[in-house]
Structures are given as structure tokens and as C-alpha cells.
Amino acid sequence: MKSSSSSARRRICAIVPAAGRGTRLSADVPKVFVPILPNLTIWDAVRDKLLQVTTPIILILSPDGLSYRRNNPAAFKPESFNNTTVALQSSPLGMGDAIFGAADLWREFDDLLIVWGDQFNLSLRTLNACIELHASHEKPALTLPLVRVPRAYVEYVFDSSGRLTHIRQSREGDACEPGGLSDVGVFLLTGGAALIREWTLYREKCMTGSVTGEINFLPFLVHLSSIGWPVNRYETNDPAEAIGINTPEDLAFARQLIRSKLSVL
């Protein structure tokens with residue numbers, strides 16, 4: 001069910017950047033549309049969870065993803081894009097570019113619920129808890145669900161005052177500590193003009209990723225913390241929430257996990 005009380009008074013827009021090419025997955029369809037089960041794509045899994053906590057959703061696709069969606073209507077359920085606006089990221093310049101390139105679609109909303117397009121194992125408990133936590137704190141702010149994982153793909157580093165000081169990213173060559181704090185591909189931020197203004201200022205001085213050359217979104221969170229935006233942390237204890245589908249091994253794990261959940265229903 002959708003969160004209520006104080007969060008119901010704030011307008012939340014969900015944003016799903018899903019323009020990644022999925023090179024490591026070696027799929028023959030755009031990554032976000034890869035089937036987990038015969039009648040369940042990665043997009044279905046993400047969308048079905050998000051619709052239980054908020055609408056609308058903005059799905060950001062690459063040109064290939066947009067073309068696939070237009071040219072293969074039989075590959076989708078009739079309801080696959082209900083309550084969803086599809087936006088285009090014309091070049092693979094990173095998540096930050098994807099999100100803020102679609103700013104005209106979300107600038108009037110109070111909050112943004114950003115979810116990576118490969119996070120098949122979203123937890124309704126985590127989503128609702130973060131929405132409630134975010135609504136109860138001073139704005140502007142960001143709220144992050146985090147989890148300790150044996151081998152972090154990204155690692156969040158805080159100082160003793162709770163300020164977010166660094167986010168290590170293995171994809172950019174950083175070494176992450178075993179048992180470090182990782183995100184679960186979910187980020188809740190105060191939206192609107194203030195966020196767009198900060199991104200514009202940040203973009204003027206930020207460096208692209210040392211390995212990918214992309215305009216990374218995660219360092220922008222460190223920037224927001226450095227200028228005084230509070231970081232609300234919600235720690236979950238399920239490392240499986242942090243797993244996105246990036247490799248054939250991830251996809252096999254997703255299939256096994258979802259089948260096991262279906263078997264107990």
C-alpha cells in the first residue's frame with residue numbers, strides 16, 4: 001500500500017534511469033526489458049513495486065530501448081507503461097545526465113524517488129520506511145536506504161557527525177572495504193528548483209568518472225551533504241536488496257530468488 005500520513009502531503013515522482021546497455025549481461029534485448037521469468041521482465045519487477053508506493057513513474061531509456069519498446073508491442077503486458085512517462089537519454093553519459101536531462105518532467109514535484117532500472121528485488125518495507133523518514137525531516141534533504149554487504153560494489157563513507165564524505169565505486173577503480181555500507185539502488189531527494197540549481201552548480205566543477213568517463217550521480221550526493229543537506233540513513237539487514245542485475249550470474253540469482261518467493265505464496 002502507498003505510504004500515508006505526512007508523506008501523502010508531499011508529491012513524489014519515481015524516476016527509473018534505465019538507459020544502460022547491459023554489456024556484461026550479453027542480452028539480445030535492452031537490459032531493462034530482459035525477462036526474469038517468462039511473464040516478468042526486470043522492468044515489470046521494478047514498476048510493480050513502485051506503483052505500490054507512488055505515481056507517476058518516469059522511465060528513462062536509451063535510443064535502443066525506446067526503439068525496442070515501440071517496435072515490439074507484443075513483448076509487453078497491456079499495463080506495462082500505465083502511469084509511466086517514457087523519456088529519452090540520447091547518449092550514454094551517466095545516471096546524473098539521465099536524471100537531470102528529464103528535469104522538465106519532474107521539476108514540479110516535492111520529492112524524487114530514484115531507483116536504478118536493474119533493482120529487481122525492491123523491498124516495499126524499505127521503500128515505505130524511507131518515504132516516511134524523508135517526510136518527517138527538515139528539507140531539503142536526502143534519504144538513503146543502506147545495507148552492509150560482504151563485497152560492496154559501491155561503499156558509503158560517513159564522518160563522525162554523520163556527514164557523507166565519500167562514495168567509493170569499484171566501477172571507477174575505487175577499492176571498497178569488505179562489509180562496507182552499500183546502497184540498494186534507491187535514493188530519495190527533495191526535488192524542485194533547489195535540486196536543479198545544485199546540480200547545475202555541481203556540474204560546472206565535477207569530473208567525469210576516471211574509468212567510465214560518465215557524469216556520475218553518486219558523487220553529487222556527497223556534494224549535497226557537503227553544502228549542508230541532511231542525510232537520513234535507513235539501514236536494512238537484507239544484502240539481497242543491494243543486488244542489481246548486471247551479469248548472467250545476477251540474472252540467475254534473480255530467477256532463483258523470485259521463484260523461491262513465488263513458491264511460498
Side-chain angles (χ1 to χ4, degrees), residues 1-3 7-8 11-22 25 27 29-89 95 98-99 101-102 105-106 109 111-131 134 145 183-189 191 217 236 238 240-246 250-251 253-255 257-259 261-262 265:
M1 62 182 291
K2 295 182 182 179
S3 294
S7 60
R11 297 173 301 155
I12 303 172
C13 180
I15 302 175
V16 182
R21 289 168 287 186
L25 196 55
V29 301
K31 177 180 174 181
V32 71
F33 298 137
V34 167
I36 303 174
L37 298 178
N39 199 36
L40 183 78
T41 65
I42 298 174
W43 165 239
D44 291 329
V46 173
R47 175 184 172 276
D48 290 351
K49 288 290 179 65
L50 286 178
L51 287 180
Q52 295 182 64
V53 298
T54 192
T55 55
I57 301 171
I58 298 170
L59 173 64
I60 304 173
L61 297 175
S62 66
D64 286 346
L66 190 62
S67 176
Y68 180 84
R69 183 232 168 174
R70 288 174 173 168
N71 296 331
N72 297 275
F76 302 102
K77 301 174 184 177
E79 69 274 16
S80 285
F81 298 97
N82 289 354
N83 298 302
T84 301
T85 298
V86 177
L88 174 67
Q89 183 186 25
M95 295 294 194
I99 294 163
L105 299 175
W106 54 256
F109 286 84
D111 297 320
L112 305 183
L113 177 60
I114 299 167
V115 177
W116 294 159
D118 59 7
Q119 296 299 133
F120 74 97
N121 194 34
L122 294 174
S123 162
L124 286 178
R125 179 177 181 178
T126 296
L127 291 174
N128 280 312
C130 288
I131 290 171
H134 191 75
D183 64 57
V184 299
V186 175
F187 315 86
L188 189 54
L189 291 81
F217 173 71
T236 178
D238 182 5
E241 290 185 42
I243 298 175
I245 297 178
N246 293 294
D250 294 333
L251 182 56
F253 174 81
R255 286 171 173 159
L257 182 64
I258 291 179
R259 284 186 180 120
K261 289 182 177 182
L262 292 174
L265 293 179

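Keep in mind that what you see is a predicted model, and the values were worked out from it rather than measured.
Closest non-hydrogen pair, G117 versus I42, comes out as O-CG2, 3.2 Å. The two residues I12 and P56 come nearest to each other via the heavy atoms O-CD, 4.1 Å. Listed here is the closest heavy atom pair of C130 and L188: O-CD2, 3.4 Å. Of all non-hydrogen atoms in A14 and T54, the two that sit nearest each other are CB-CG2, 3.9 Å. Contact detail for G65 and F33: the closest heavy-atom pair is O-CE1, 3.7 Å.
If you take CG on L59 and CG on L88, they are separated by 11.0 Å, rounding to the nearest 0.5 Å. Put simply, CG on L127 and CG on L50 are 6.5 Å apart, with the number rounded to the nearest 0.5 Å. Distance check, rounded to the nearest 0.5 Å: CD1 of I60 to CG of L66 gives 12.0 Å. Once rounded to the nearest 0.5 Å, the distance linking CG of N121 with CG of L257 reads 5.0 Å. For the atom pair Q89 CD and I99 CD1, the distance stands at 9.5 Å (nearest 0.5 Å).
For T126, the side chain to side chain donor-acceptor pair (under 3.5 Å) criterion is met by S123, E241, not counting sequence neighbours. Partners of A254 under the side-chain contact (heavy atoms from CB on, under 4.5 Å) rule, at least two apart in sequence or in another chain, are I36, F120, I245. Residues passing the side-chain contact (heavy atoms from CB on, under 4.5 Å) test with A27 are L25, V34, sequence neighbours excluded. Here D111 pairs with R10 under the salt bridge (charged side-chain N to carboxylate O under 4.0 Å, His left out) rule; sequence neighbours left out.
You'll find the side chain of P145 stays beyond 4.5 Å of the side chain of T236, heavy atoms only. Residues V86 and R70 form no side-chain contact, since every pair of their non-hydrogen atoms from C-beta on lies 4.5 Å or further apart.
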Donor-acceptor pairs under 3.5 Å, side chain of residues 72-85 to any protein atom, not counting sequence neighbours: which ones?
from	atom 1	to	atom 2	distance (Å)
N72	ND2	Y68	O	3.0
K77	NZ	N39	O	3.2
S80	OG	K77	N	3.0
S80	OG	K77	O	3.1
T84	OG1	N82	O	3.1

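Of the options N246, D250, V46, a side chain to side chain contact (heavy atoms under 4.5 Å, CB included) to D118 is made by N246 and by none of the others.
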Report task. Give the intermediate values and the outcome of side-chain contact (heavy atoms from CB on, under 4.5 Å) for residues V186 and Q119. Result -> CA-CA 8 Å; V186 175; Q119 296 299 133; 5.6 Å; no

Report task. Test V32 against L61 for side-chain contact (heavy atoms from CB on, under 4.5 Å), laying out the working first. Result -> CA-CA 9 Å; V32 71; L61 297 175; 3.9 Å; yes

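Between the side chains of T41 and D44, at least one donor N or O sits under 3.5 Å from an acceptor N or O.
Formation of a donor-acceptor pair under 3.5 Å by the K31 side chain with backbone atoms of G20 is not found in this model.
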